[in-house]
There are 2 protein chains.
Amino acid sequence: MAARDVSIRIPCSKCPLRDLECFRDFTEKEVEFLHEFKQGELTVNPGAPIVLEESNSPHLYTVLEGWGFRYKTLPDGRRQILNYVMPGDFIGLQSSVFEVMSHGVEALTEMMMCVFPRDKLWTLYTRHPTLAFDVTWLASREERLLDEHLLTVGRRTAIERVAFVIWHLYKRALSVGLASGNRLDLPVTQQHLADTLGLSLVHTNKTLKKLRANGCISVEERTVEVLDKSKLIEIAQAQEHEEGPRPFL
Amino acid sequence: MAARDVSIRIPCSKCPLRDLECFRDFTEKEVEFLHEFKQGELTVNPGAPIVLEESNSPHLYTVLEGWGFRYKTLPDGRRQILNYVMPGDFIGLQSSVFEVMSHGVEALTEMMMCVFPRDKLWTLYTRHPTLAFDVTWLASREERLLDEHLLTVGRRTAIERVAFVIWHLYKRALSVGLASGNRLDLPVTQQHLADTLGLSLVHTNKTLKKLRANGCISVEERTVEVLDKSKLIEIAQAQEHEEGPRPFL
DNA sequence: CGCGATTTTGAGAGCCGTCAAGATACGTGG
DNA sequence: CCACGTATCTTGACGGCTCTCAAAATCGCG
């Protein structure tokens, strides 16, 4: 694995995430503590592993820039993508609770992350209950995303699944400034989509074609344009719900 | 909905869960606080709704006895079972974080639960960081179970899925005393299994038949006997991992 | 004994997977 | 600037796993 350069260049008070509307405001004391908690920044290349399945990482991460994904694999290599990580998302909580991660995380684009030492998480619980609650908040949000994903893979048809992920990723990317207007820059191959949705590569490709023929979306290079939102939502059987400001670490 | 009788009859110090080996020990102060936190017990009948999708329940629950399940449904009625709840499991965390639950919970057997007021969860974070960490622990465990379930539904074949869910439920039930020896009392219809695994009822039935013909399991009434553990594990492509003592509230 | 819920079985259809091959894009070295 | 290898995308053909439809059998219960 390539050497990882970890050093603090960005004080938490100037964290780029603070400029985004979707995140909650923090008190000065909270930011001070987070700055103490922070070990540095880590930058990785596209395709780089961030944590390995069954590994035991001493670090926790908050994504500052870029996309990645969480996954699990079966012994024979079949892969299931569990979720995507974007700016503001927290990586590695499971390892502080169970010692080992039961899933892996891999970068899709170049990623910059904030690094925290896992063994100091406990002091966060003793000294900053508001931040402790934030950690629980983040875990609970992940749970909700997984619930929805499970419904998608278990009960939606192929075209519903594809429509749903696109809509879902579009909304998430919008909120953190990774999409603008109707355009979503998806740093993802069709194989990734297939592994996300429990479909084969070939069928994913043919389903995307239907969605293009439909006039729902257009795709060029790696960017998707949402042409007909209401039709996409209808096909996806998606139900909208408001999101208030959310925390991050 | 039937009237719900809530009153404290069991002090937390005599919580039946404390006798189970799988749970961690608590300090006197922790138990004292939990007893203050506790509002009472709630008993519901098989089939009763515990929380509804999109509802806003003011309560949190810890299961003391019985089985239930979490689920989500699509507008047209297709249902996905997300996970099962058994003694020691915590219900309703999402509602303290997002105001509304995005999933429902329903009882499979008669269930007894410990009831907590949602709005006092915050004082738990301020006064008992160890318990706060336990809440995070529980959320993180749920996340891990969902990860595994997603892999099952997304990437395992029908027979692998059925084998896996039986093995999984057997292990969980064993740890809390709901299974003994090789026998698992499953209070679940084949329709429930189908909705858990993303399969149709008919195909679930035929797949169970194969597993019986295999000599892996036998089924009579609602109890499943695991006849050949290693073959079941092999078919399920399950990977064992140790579990240390876990918390509950 | 009779009715509803659940389980079982068979038949046929279709959605989706696998296999295979060609097309396109992209980076690298000559 | 072109050649070439690798990764990704596309398309067609075919097979099969799983679905739907339908009906019979069994079970639970009043």
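Lettering of chains follows the sequences in order, A, B, ..., and the numbering in each one begins at 1.
If you take CG of Leu211(B) and P of dT7(C), they are 16 Å apart, rounded to a whole angstrom. The nearest whole Å value for the distance from the CZ atom in Arg156(A) to the C1' atom in dT18(D) is 20 Å. Rounded to whole Å, the distance from NE2 on His192(B) to P on dT6(C) is 8 Å. The distance between atom CD of Glu221(A) and atom C1' of dC26(C), rounded to the nearest whole Å, is 10 Å. Rounding to whole angstrom units, CG of residue Leu197(A) and C1' of dC16(C) are separated by 13 Å. In this structure, Gln191(B) atom CD and dT8(C) atom P are separated by 14 Å, rounded to whole Å. Rounded to a whole Å, the NZ atom of Lys210(B) is 13 Å from the P atom of dG16(D). For the pair His203(B) NE2 and dG14(C) P, the computed distance is 18 Å after rounding to whole Å.
No engagement by Arg161(A) is indicated, since no non-hydrogen atom pair under 4.0 Å with the nucleic acid exists. Counting any heavy atom pair closer than 4.0 Å across all strands shown, Ser200(A) reaches a base atom. At a threshold of 4.0 angstrom between heavy atoms, the contacts of Gly47(A) with the nucleic acid are absent.
Considering only side-chain N and O atoms, Lys209(A) lies under 4.0 angstrom from the phosphate OP1 or OP2 of dT11(D). Distances shorter than 4.0 Å separate some side-chain N or O of Arg222(A) from OP1 or OP2 on dC9(D). At the phosphate of dT10(D), OP1 or OP2 sits under 4.0 Å from a side-chain N or O atom of Gln190(A). Side-chain nitrogen and oxygen atoms of Asn205(A) include at least one within less than 4.0 Å of the OP1 or OP2 phosphate oxygen of dT10(D).
Taking a cutoff of 4.0 Å between a charged side-chain nitrogen and a carboxylate oxygen, Arg156(B) and Glu148(B) qualify as a salt bridge.
You'll find that the side chain of Leu199(B) is closest to dT18(D), out of dC16(C), dT18(D), dT11(D). With dT18(D), dC16(C), dT7(C) as the choices, the nucleotide that has an atom nearest any side-chain atom of Leu201(B) turns out to be dT7(C).
Ring geometry for Phe164(A) against His168(A) counts as parallel: the plane angle stays under 30°, on a 0 to 90° scale with 60° as the upper cut.
Along DNA chain C, the nucleotide nearest to Val202(A) and the one nearest to Arg212(B) differ in position, and the one closer to the 5' end is contacted by Arg212(B). Positionally, the nearest nucleotide of DNA chain D for Leu208(A) lies more toward the 5' end than for the other of Arg155(A) and Leu208(A).
For dG17(C), its base never sits under 3.5 Å from the side chain of Lys206(A) at any donor and acceptor pair.
Between the side chain of Gln80(A) and the main chain of Thr196(A), a donor-acceptor pair closer than 3.5 Å is present. Distance alone, capped at 3.5 Å, places no donor-acceptor pair between the Glu143(A) side chain and the Glu142(B) backbone.
Counting only N and O atoms by type, the side chains of Thr189(B) and His192(B) include a donor and acceptor under 3.5 Å apart.
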